[in-house]
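A short worksheet on the structure shown next.
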Amino acid sequence: LKLTILGNNSAIPAYGRHPTAQILQIHQTSILIDCGEGTWMQMQRFGVRSKNLKYIFISHLHGDHYFGLPGLLTSLSLQGREKPLTLFAPPGLRAILEQIFSVADTQLSYALHIQEWNPSGEILFENDEFLLRNFPTQHRIICSGLVVEKKEGLRHLQIEACRQSEVPQSEYLKLKKGADFITKKGERISNVELTTSATPAKVYAYSADTIFNQASVPHIKNADLLYYESTFCEADKDKASKRFHSTAKQAAQIAQLANVKKLMLGHFSSRYQELEIFQQEAQSVFRNSEVSIEGVSYEID
Ligand SMILES: [Zn+2]
């Protein structure tokens, strides 16, 4: 599970920072989370290939979270993409995109499945490898955060032990799924003698835009990484609540309440050039906090 930050600023691009966008990679699948202005350019800049992009999640309809989307969808088409793409969209986005494509007479080269999410939260997608679910946040307009749960994988074979017990390769998958092995003589060899534990499940939580509100805590409980908006620092706390945003300290309070492993701060207001204060304020409440950096890929472990 790997997270690449494409944009960590809020409304106005400033000081080299761009509006919100990030790519989460799970094995061979990439999910684009929000798509602020310039996302396509940021992907090119940081060498993020669109080949594995299968899902896009948009948290809400403030421009800094989706103004890059029509451009990105069109660019993929101009490149001749054929693989289908699923867009998990806030209510209303389908109509906006249909209007844009209709007036421009755009026919996409690939199938775009638009699935508008339920504002109260639901499971958006699930397969053997991962699960996606949205949860409501409290913002000026309808807004959802996203949780990505990478499922526990298969157990790992101890190849030498398998050879010694003469396990045929055709049995390997069963062993990886936890079965014991029965030899030709009918002896049972316990699974734990032939395999080691699977890589444990991982959870990534993305807060989207929100005022400080503990209601989100149960949804993001025990996440391995929480990306939380901290548009303002503590001196501008009043502005934060008036605009339905959070401060770095509030983000840290949520991280602590939710017992997450690590907190990453983002969605900074363009009024701040330096971000050190954000880290300091968050760390005073929750030690394992850091400021996100554009272009950096973070392994979630
Ligand atoms: Zn917003």
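V203 places a side-chain heavy atom less than 4.5 Å from the side chain of V147. Two residues are said to be in side-chain contact when any heavy atoms from C-beta on lie closer than 4.5 Å; R155 and V192 meet this criterion. Side-chain contact between L73 and I56 is present, with heavy atoms from C-beta onward closer than 4.5 Å. Side-chain contact between I114 and L112 is present, with heavy atoms from C-beta onward closer than 4.5 Å. The shortest distance between side-chain heavy atoms of L61 and I96 falls below 4.5 Å. Contact annotation: the side chain of L53 approaches that of L32 to within less than 4.5 Å [non-hydrogen atoms, C-beta and beyond]. Between L225 and V260, the closest side-chain pair of non-hydrogen atoms is not below 4.5 Å. Under the 4.5 Å side-chain criterion, counting only non-hydrogen atoms from C-beta, I33 is not in contact with F88.
One hydrophobic cluster, built from ILVMFWY side chains closer than 4.5 Å, holds both L263 and Y272. In this structure, Y66 is a member of the same hydrophobic cluster as V48, with clusters built from ILVMFWY side-chain heavy atoms closer than 4.5 Å. In the hydrophobic clustering of this structure, L124 groups with Y206; members are Ile, Leu, Val, Met, Phe, Trp, Tyr whose side-chain heavy atoms approach within less than 4.5 Å, directly or through other members. A continuous path of Ile, Leu, Val, Met, Phe, Trp and Tyr side chains, each step under 4.5 Å between heavy atoms, connects L24 with I293, placing both in one hydrophobic cluster. Clustering ILVMFWY residues whenever any of their side-chain heavy atoms sit less than 4.5 angstrom apart, transitively, puts W117 in the very cluster that holds I31.
A distance of 11.0 Å separates CG in L146 from CD1 in I58, rounded to the nearest 0.5 Å. In this structure, NE2 in H156 is found 14.0 Å from CG in L175, a value given to the nearest 0.5 Å. Between the OG atom of S241 and the CZ atom of F232 there is a distance of 9.5 Å, given to the nearest 0.5 Å. Rounding to the nearest 0.5 Å places CG of L69 at 13.0 Å from CD of E37. The structure places CZ of R243 at 8.5 Å from CG of D236, a figure rounded to the nearest 0.5 Å. K174 contributes atom NZ, which lies 9.5 Å from atom CZ of F181 (distance to the nearest 0.5 angstrom).
A salt bridge does not link E126 with R133: none of the charged nitrogens is closer than 4.0 Å to a carboxylate oxygen.
Distance alone, capped at 3.5 Å, is enough to place a donor-acceptor pair between the T183 side chain and the E187 backbone. In this structure, the side chain of N134 does not engage the main chain of G145 through any donor-acceptor pair within 3.5 Å. With R81 contributing its side chain and K83 its backbone, the two residues share a donor-acceptor pair below 3.5 Å. In terms of modelled atom types and a separation under 3.5 Å, the side chain of S284 and the main chain of E281 share a donor-acceptor contact.
Of all heavy-atom pairs between P90 and S59, the closest is CG-C, 4.4 Å. Taking every heavy atom of both residues into account, S207 and T137 meet most closely at O-CG2, 3.1 Å. Nearest heavy-atom pair, P19 versus G36, reported as atom, atom and distance to 0.1 Å: CB-CA, 4.0 Å. Pairing each heavy atom of A248 with each of F278, the nearest pair is CB-O, 3.5 Å. Across all non-hydrogen atoms, the minimal contact from S109 to L76 is OG-O, 4.3 Å.
For the side chain to side chain donor-acceptor pair (under 3.5 Å) criterion with T247, the lone passing option out of E234, K239, Q253 is E234. Checked options H267, H18, H139; the residue passing with H65 is H267 (criterion: ring-ring contact (aromatic ring centres under 6.0 Å, His included)).
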| task | Decide salt bridge (Lys or Arg N to Asp or Glu O under 4.0 Å) for K202 and E149; before the verdict, give the C-alpha distance in whole Å, the side-chain angles of both, and the deciding distance to 0.1 Å. | result | CA-CA 6 Å; K202 295 284 169 215; E149 296 176 18; over 6 Å; no
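Atom NZ of K221 has more than 12 neighbouring heavy atoms from other residues, nucleotides or ligands inside a 6.0 Å radius. Residue D128 qualifies as open at atom CG: its count of foreign heavy atoms under 6.0 Å is 12 or below. Residue R140 places its CZ atom among more than 12 non-hydrogen atoms of other residues, nucleotides or ligands, all under 6.0 Å distant. Within 6.0 Å of the NZ atom in K151, the count of heavy atoms belonging to other residues, nucleotides or ligands exceeds 12. Annotation for L257: atom CG counts as buried by contact number, over 12 foreign heavy atoms lying within 6.0 Å.
Ring to ring, Y204 and Y227 are not that close: their centroids are 6.0 angstrom or more apart. Ring-centre distance between F130 and F125: below the 6.0 Å cut-off.
For the residue pair E294 and Q42, a side-chain donor N or O sits within less than 3.5 Å of a side-chain acceptor on the partner. Checking D64 against S10 by side-chain atom types alone, no donor-acceptor pair falls below 3.5 Å. Side-chain contact annotation: N191 with D180, donor-acceptor N/O pair under 3.5 Å absent. Using modelled atom types, one finds no donor on one side chain facing an acceptor on the other under 3.5 Å when comparing D209 with H62. The closest side-chain donor-acceptor pair between D34 and T20, if any, does not fall under 3.5 angstrom.
With sequence neighbours excluded, the residues satisfying side-chain hydrogen bond (donor to acceptor under 3.5 Å, both in side chains) with N9 are R17.
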